[in-house]
Amino acid sequence: MSPVPDAARPRLLYVEDEDEIARIAVEVLSDDYEVDHASTGEQALALALRRRYDVLVVDRRLPAMSGVDFLEAVRTARITTPALMLTALGSVQDRVTGLDGGADDYLVKPFDFAELLARLRALRRGTRAIGDRREIGSWVFTPRTQALYSPTERRIALTAAETDLLELLTSSPEHVFSRDEILESVFPGGSAATVDTYVHYIRRKATPEVIETVRARGYRSGDPT
(Lines give C-alpha, C1' and ligand atoms only; values in the text may rest on other atoms or scores of the structure.)
Protein backbone atom coordinates (compact mmCIF):
# COMPACT_ATOMS: atom_id res chain seq x y z
CA MET A 1 0.00 0.00 0.00
CA SER A 2 1.36 3.43 -0.94
CA PRO A 3 1.84 5.95 1.86
CA VAL A 4 -0.82 8.64 2.21
CA PRO A 5 0.43 12.08 1.02
CA ASP A 6 1.51 14.33 3.90
CA ALA A 7 -1.22 16.91 3.29
CA ALA A 8 -3.94 14.24 3.49
CA ARG A 9 -2.70 12.49 6.62
CA PRO A 10 -4.89 12.52 9.71
CA ARG A 11 -3.03 13.21 12.96
CA LEU A 12 -2.55 10.41 15.49
CA LEU A 13 -1.21 10.51 19.05
CA TYR A 14 0.49 7.24 20.02
CA VAL A 15 1.27 6.66 23.70
CA GLU A 16 3.68 3.81 24.45
CA ASP A 17 6.59 3.58 26.91
CA GLU A 18 8.40 0.55 25.41
CA ASP A 19 10.92 1.98 22.94
CA GLU A 20 11.20 -0.98 20.56
CA ILE A 21 7.45 -1.48 20.29
CA ALA A 22 7.01 2.25 19.77
CA ARG A 23 9.65 2.38 17.04
CA ILE A 24 7.98 -0.37 15.02
CA ALA A 25 4.47 0.97 15.55
CA VAL A 26 5.38 4.53 14.57
CA GLU A 27 7.05 3.22 11.40
CA VAL A 28 3.91 1.31 10.41
CA LEU A 29 1.41 3.99 11.41
CA SER A 30 3.37 6.71 9.61
CA ASP A 31 2.32 5.27 6.25
CA ASP A 32 -1.21 6.54 6.92
CA TYR A 33 -0.95 9.06 9.75
CA GLU A 34 1.05 12.02 10.96
CA VAL A 35 2.19 10.44 14.22
CA ASP A 36 3.19 12.10 17.48
CA HIS A 37 4.69 9.67 19.99
CA ALA A 38 4.63 10.17 23.77
CA SER A 39 6.25 7.74 26.20
CA THR A 40 4.35 8.86 29.32
CA GLY A 41 0.79 9.80 30.13
CA GLU A 42 1.93 13.25 31.26
CA GLN A 43 3.63 13.95 27.94
CA ALA A 44 0.60 12.67 26.06
CA LEU A 45 -1.81 14.84 28.05
CA ALA A 46 0.26 17.95 27.34
CA LEU A 47 0.12 17.15 23.61
CA ALA A 48 -3.60 16.31 23.64
CA LEU A 49 -4.43 19.61 25.32
CA ARG A 50 -2.28 21.58 22.88
CA ARG A 51 -2.89 19.93 19.52
CA ARG A 52 -5.87 18.54 17.66
CA TYR A 53 -5.77 14.81 16.87
CA ASP A 54 -8.01 12.61 14.74
CA VAL A 55 -7.42 9.50 16.83
CA LEU A 56 -5.54 8.36 19.95
CA VAL A 57 -3.75 5.02 20.46
CA VAL A 58 -2.89 4.50 24.12
CA ASP A 59 -1.08 1.71 25.95
CA ARG A 60 -2.81 0.87 29.21
CA ARG A 61 0.32 0.29 31.30
CA LEU A 62 2.31 3.52 31.43
CA PRO A 63 4.66 4.86 34.12
CA ALA A 64 3.09 7.21 36.70
CA MET A 65 -0.08 8.15 34.79
CA SER A 66 -1.70 5.01 33.37
CA GLY A 67 -3.46 4.87 30.03
CA VAL A 68 -6.82 4.82 31.83
CA ASP A 69 -5.84 7.87 33.92
CA PHE A 70 -4.72 9.67 30.75
CA LEU A 71 -8.01 9.04 28.98
CA GLU A 72 -10.02 10.08 32.03
CA ALA A 73 -8.08 13.37 32.07
CA VAL A 74 -8.66 13.82 28.33
CA ARG A 75 -12.41 13.25 28.67
CA THR A 76 -12.57 15.57 31.69
CA ALA A 77 -11.08 18.25 29.43
CA ARG A 78 -14.03 17.64 27.05
CA ILE A 79 -11.78 16.27 24.30
CA THR A 80 -13.86 13.78 22.33
CA THR A 81 -11.17 12.40 20.00
CA PRO A 82 -11.75 8.65 19.49
CA ALA A 83 -9.30 6.49 21.43
CA LEU A 84 -8.13 2.91 21.09
CA MET A 85 -6.49 1.30 24.12
CA LEU A 86 -3.73 -1.32 23.78
CA THR A 87 -3.12 -3.77 26.60
CA ALA A 88 -1.67 -7.12 27.57
CA LEU A 89 -4.60 -7.49 29.97
CA GLY A 90 -7.44 -9.32 28.28
CA SER A 91 -10.02 -10.02 30.98
CA VAL A 92 -13.55 -8.72 30.68
CA GLN A 93 -13.10 -6.50 33.75
CA ASP A 94 -9.94 -4.96 32.27
CA ARG A 95 -11.80 -4.12 29.07
CA VAL A 96 -14.72 -2.69 31.01
CA THR A 97 -12.37 -0.50 33.07
CA GLY A 98 -10.67 0.82 29.94
CA LEU A 99 -13.93 1.53 28.14
CA ASP A 100 -15.43 3.20 31.21
CA GLY A 101 -12.26 5.31 31.48
CA GLY A 102 -12.83 6.83 28.06
CA ALA A 103 -11.58 4.35 25.45
CA ASP A 104 -13.77 3.74 22.39
CA ASP A 105 -12.15 0.43 21.45
CA TYR A 106 -9.76 -2.10 22.96
CA LEU A 107 -7.05 -4.27 21.37
CA VAL A 108 -5.14 -6.95 23.27
CA LYS A 109 -1.40 -7.45 22.73
CA PRO A 110 0.11 -9.06 20.75
CA PHE A 111 -1.92 -7.80 17.81
CA ASP A 112 -1.65 -7.70 14.05
CA PHE A 113 -1.05 -4.25 12.59
CA ALA A 114 -3.61 -4.91 9.87
CA GLU A 115 -6.26 -5.27 12.57
CA LEU A 116 -5.05 -2.15 14.38
CA LEU A 117 -5.26 -0.09 11.18
CA ALA A 118 -8.73 -1.48 10.40
CA ARG A 119 -9.98 -0.60 13.88
CA LEU A 120 -8.58 2.93 13.55
CA ARG A 121 -10.36 3.37 10.23
CA ALA A 122 -13.61 2.22 11.84
CA LEU A 123 -13.18 4.62 14.76
CA ARG A 124 -12.57 7.54 12.42
CA ARG A 125 -15.55 6.66 10.23
CA GLY A 126 -17.79 6.71 13.30
CA THR A 127 -16.38 10.05 14.43
CA ARG A 128 -16.89 11.64 11.02
CA ALA A 129 -20.52 10.50 11.03
CA ILE A 130 -21.15 11.87 14.53
CA GLY A 131 -19.07 14.97 13.89
CA ASP A 132 -21.18 16.14 10.96
CA ARG A 133 -23.25 18.18 13.43
CA ARG A 134 -21.75 20.25 16.25
CA GLU A 135 -23.83 22.51 18.45
CA ILE A 136 -22.54 25.97 19.38
CA GLY A 137 -25.18 27.23 21.75
CA SER A 138 -28.35 27.25 19.66
CA TRP A 139 -26.35 27.36 16.43
CA VAL A 140 -25.32 24.27 14.44
CA PHE A 141 -21.96 23.81 12.70
CA THR A 142 -21.46 21.14 10.02
CA PRO A 143 -17.74 20.86 9.21
CA ARG A 144 -18.12 18.54 6.24
CA THR A 145 -20.39 20.97 4.38
CA GLN A 146 -18.48 24.05 5.63
CA ALA A 147 -21.65 25.65 6.94
CA LEU A 148 -23.05 27.26 10.08
CA TYR A 149 -26.80 27.37 10.75
CA SER A 150 -28.53 30.00 12.86
CA PRO A 151 -31.45 29.18 15.21
CA THR A 152 -33.77 30.23 12.39
CA GLU A 153 -31.94 27.74 10.09
CA ARG A 154 -30.29 30.43 8.00
CA ARG A 155 -27.30 28.80 6.29
CA ILE A 156 -23.97 30.63 6.49
CA ALA A 157 -21.28 29.39 4.12
CA LEU A 158 -17.73 29.23 5.52
CA THR A 159 -14.39 29.18 3.76
CA ALA A 160 -12.02 26.24 4.28
CA ALA A 161 -9.88 28.28 6.70
CA GLU A 162 -12.93 29.45 8.68
CA THR A 163 -14.16 25.85 8.86
CA ASP A 164 -10.79 24.60 10.12
CA LEU A 165 -10.72 27.27 12.82
CA LEU A 166 -14.26 26.57 14.01
CA GLU A 167 -13.67 22.82 13.86
CA LEU A 168 -10.66 23.21 16.16
CA LEU A 169 -12.57 25.33 18.67
CA THR A 170 -15.55 22.96 18.73
CA SER A 171 -13.33 19.87 19.07
CA SER A 172 -12.89 20.79 22.74
CA PRO A 173 -15.57 23.36 23.64
CA GLU A 174 -14.36 24.04 27.18
CA HIS A 175 -10.71 24.48 26.23
CA VAL A 176 -9.33 27.97 25.70
CA PHE A 177 -7.08 27.84 22.63
CA SER A 178 -4.19 30.28 22.66
CA ARG A 179 -3.24 32.04 19.45
CA ASP A 180 -0.12 29.89 19.28
CA GLU A 181 -2.19 26.70 19.51
CA ILE A 182 -4.50 27.93 16.75
CA LEU A 183 -1.55 28.93 14.56
CA GLU A 184 0.07 25.53 14.98
CA SER A 185 -3.09 23.60 14.12
CA VAL A 186 -4.83 25.84 11.58
CA PHE A 187 -2.55 28.58 10.27
CA PRO A 188 1.06 27.32 10.30
CA GLY A 189 3.35 30.14 9.25
CA GLY A 190 0.74 32.77 10.08
CA SER A 191 0.73 35.39 12.83
CA ALA A 192 -1.47 36.35 15.76
CA ALA A 193 -3.12 38.87 13.45
CA THR A 194 -4.12 36.01 11.14
CA VAL A 195 -6.01 34.33 13.96
CA ASP A 196 -7.75 37.54 14.99
CA THR A 197 -8.71 38.27 11.39
CA TYR A 198 -10.40 34.91 10.85
CA VAL A 199 -12.19 35.13 14.20
CA HIS A 200 -13.51 38.50 12.99
CA TYR A 201 -14.61 36.99 9.66
CA ILE A 202 -16.65 34.25 11.38
CA ARG A 203 -18.21 36.64 13.88
CA ARG A 204 -19.14 39.06 11.10
CA LYS A 205 -20.83 36.31 9.10
CA ALA A 206 -22.66 34.80 12.08
CA THR A 207 -22.80 36.52 15.49
CA PRO A 208 -20.00 37.79 17.76
CA GLU A 209 -20.96 35.29 20.48
CA VAL A 210 -20.18 32.25 18.30
CA ILE A 211 -16.52 32.58 19.37
CA GLU A 212 -15.72 33.72 22.89
CA THR A 213 -12.64 35.82 23.69
CA VAL A 214 -10.99 34.87 26.99
CA ARG A 215 -8.95 37.87 28.00
CA ALA A 216 -5.15 37.36 27.91
CA ARG A 217 -5.60 33.67 27.04
CA GLY A 218 -7.19 33.21 23.63
CA TYR A 219 -10.44 31.92 22.14
CA ARG A 220 -12.95 29.13 22.69
CA SER A 221 -16.28 28.03 21.27
CA GLY A 222 -19.03 30.42 22.35
CA ASP A 223 -22.62 29.97 23.52
CA PRO A 224 -24.79 32.16 21.30
CA THR A 225 -28.57 32.15 21.56
Practice problem: Among residues two or more places apart or on two chains, list those pairs meeting salt bridge (charged side-chain N to carboxylate O under 4.0 Å, His left out) that have a residue in residues 210-225. | Solution: E212-R220
Quiz item: How would you list, by chain and number, every residue that makes a side chain to side chain donor-acceptor pair (under 3.5 Å) with T152, sequence neighbours excluded?
Solution: S150
Quiz item: Which is it for D36 and L13 under the side-chain contact (heavy atoms from CB on, under 4.5 Å) test, yes or no, and what are the steps along the way?
Solution: CA-CA 5 Å; D36 285 343; L13 176 59; 4.1 Å; yes
Self-check item: Student check: side-chain heavy atoms of D180 and L183 closer than 4.5 Å
Solution: yes
Quiz prompt | Joint hydrophobic cluster, I136 plus V214, side-chain heavy atoms closer than 4.5 Å | solution = no
Quiz item: Does the side chain of R134 pick up a donor-acceptor pair with the side chain of T170 at under 3.5 Å?
Solution: yes
Quiz prompt | Check: R50 and E184 side chains under 4.5 Å, non-hydrogen atoms | solution = yes
Exercise. Sequence neighbours left out, what passes side chain to side chain donor-acceptor pair (under 3.5 Å) with E162? Give chain and number order.
Key: T159, K205
Quiz item: Going only through I, L, V, M, F, W and Y residues with side-chain contacts under 4.5 Å, is there a path from Y33 to V26?
Solution: yes
Quiz item: Listed by chain and number, what are the side chain to side chain donor-acceptor pair (under 3.5 Å) partners of S66, not counting sequence neighbours?
Solution: D69
Exercise. Nearest 0.5 Å please: distance from the CG atom of D17 over to the CD atom of Q43.
Key: 10.5 Å
Self-check item: Test salt bridge (Lys or Arg N to Asp or Glu O under 4.0 Å) applied to D105 - qualifying residues, sequence neighbours left out
Solution: R119
Quiz item: Rounded to the nearest 0.5 Å, how far does CG of D31 lie from CG of L117?
Solution: 8.5 Å
Quiz item: Can you name the residues that form a salt bridge (Lys or Arg N to Asp or Glu O under 4.0 Å) with E72, not counting sequence neighbours?
Solution: none
Quiz prompt | Partners meeting ring-ring contact (aromatic ring centres under 6.0 Å, His included) with Y53 (sequence neighbours left out) | solution = none
Quiz item: In Å, rounded to the nearest 0.5 Å, how long is the span from CD1 of I79 to CZ of R52?
Solution: 12.5 Å
Quiz item: Minimum heavy-atom separation for V35 to S30, with atom names?
Solution: CG2-OG, 3.8 Å
Exercise. Would you name the heavy atoms of W139 and P224 that are closest together and state the gap between them?
Key: CD1-CG, 3.3 Å
Self-check item: Side chain proximity check, D32 to L120, heavy atoms < 4.5 angstrom
Solution: no
Exercise. Hey, could you give me each pair passing ring pair (Phe, Tyr, Trp, His ring centres under 6.0 Å) that has a residue in residues 9-32? Not counting sequence neighbours.
Key: Y14-H37
Practice problem: Kindly indicate, with the supporting measurements, whether the criterion side-chain contact (heavy atoms from CB on, under 4.5 Å) is fulfilled by L166 and L158. | Solution: CA-CA 10 Å; L166 205 53; L158 302 172; 4.1 Å; yes
Self-check item: Pairing residues for F187 by the ring-ring contact (aromatic ring centres under 6.0 Å, His included) criterion, not counting sequence neighbours
Solution: Y198
Self-check item: Set of residues satisfying salt bridge (Lys or Arg N to Asp or Glu O under 4.0 Å) with respect to R75, sequence neighbours excluded
Solution: D104
Quiz item: Who pairs with S185 by side chain to side chain donor-acceptor pair (under 3.5 Å), at least two apart in sequence or on another chain?
Solution: none
Quiz item: For Y201 and D196, does a side-chain donor sit closer than 3.5 Å to a side-chain acceptor?
Solution: no
Self-check item: Residues which pass salt bridge (Lys or Arg N to Asp or Glu O under 4.0 Å) with E27, listed by chain and number, not counting sequence neighbours
Solution: R23
Quiz prompt | Common cluster, L12/L107, ILVMFWY with side-chain heavy-atom separation under 4.5 Å | solution = yes
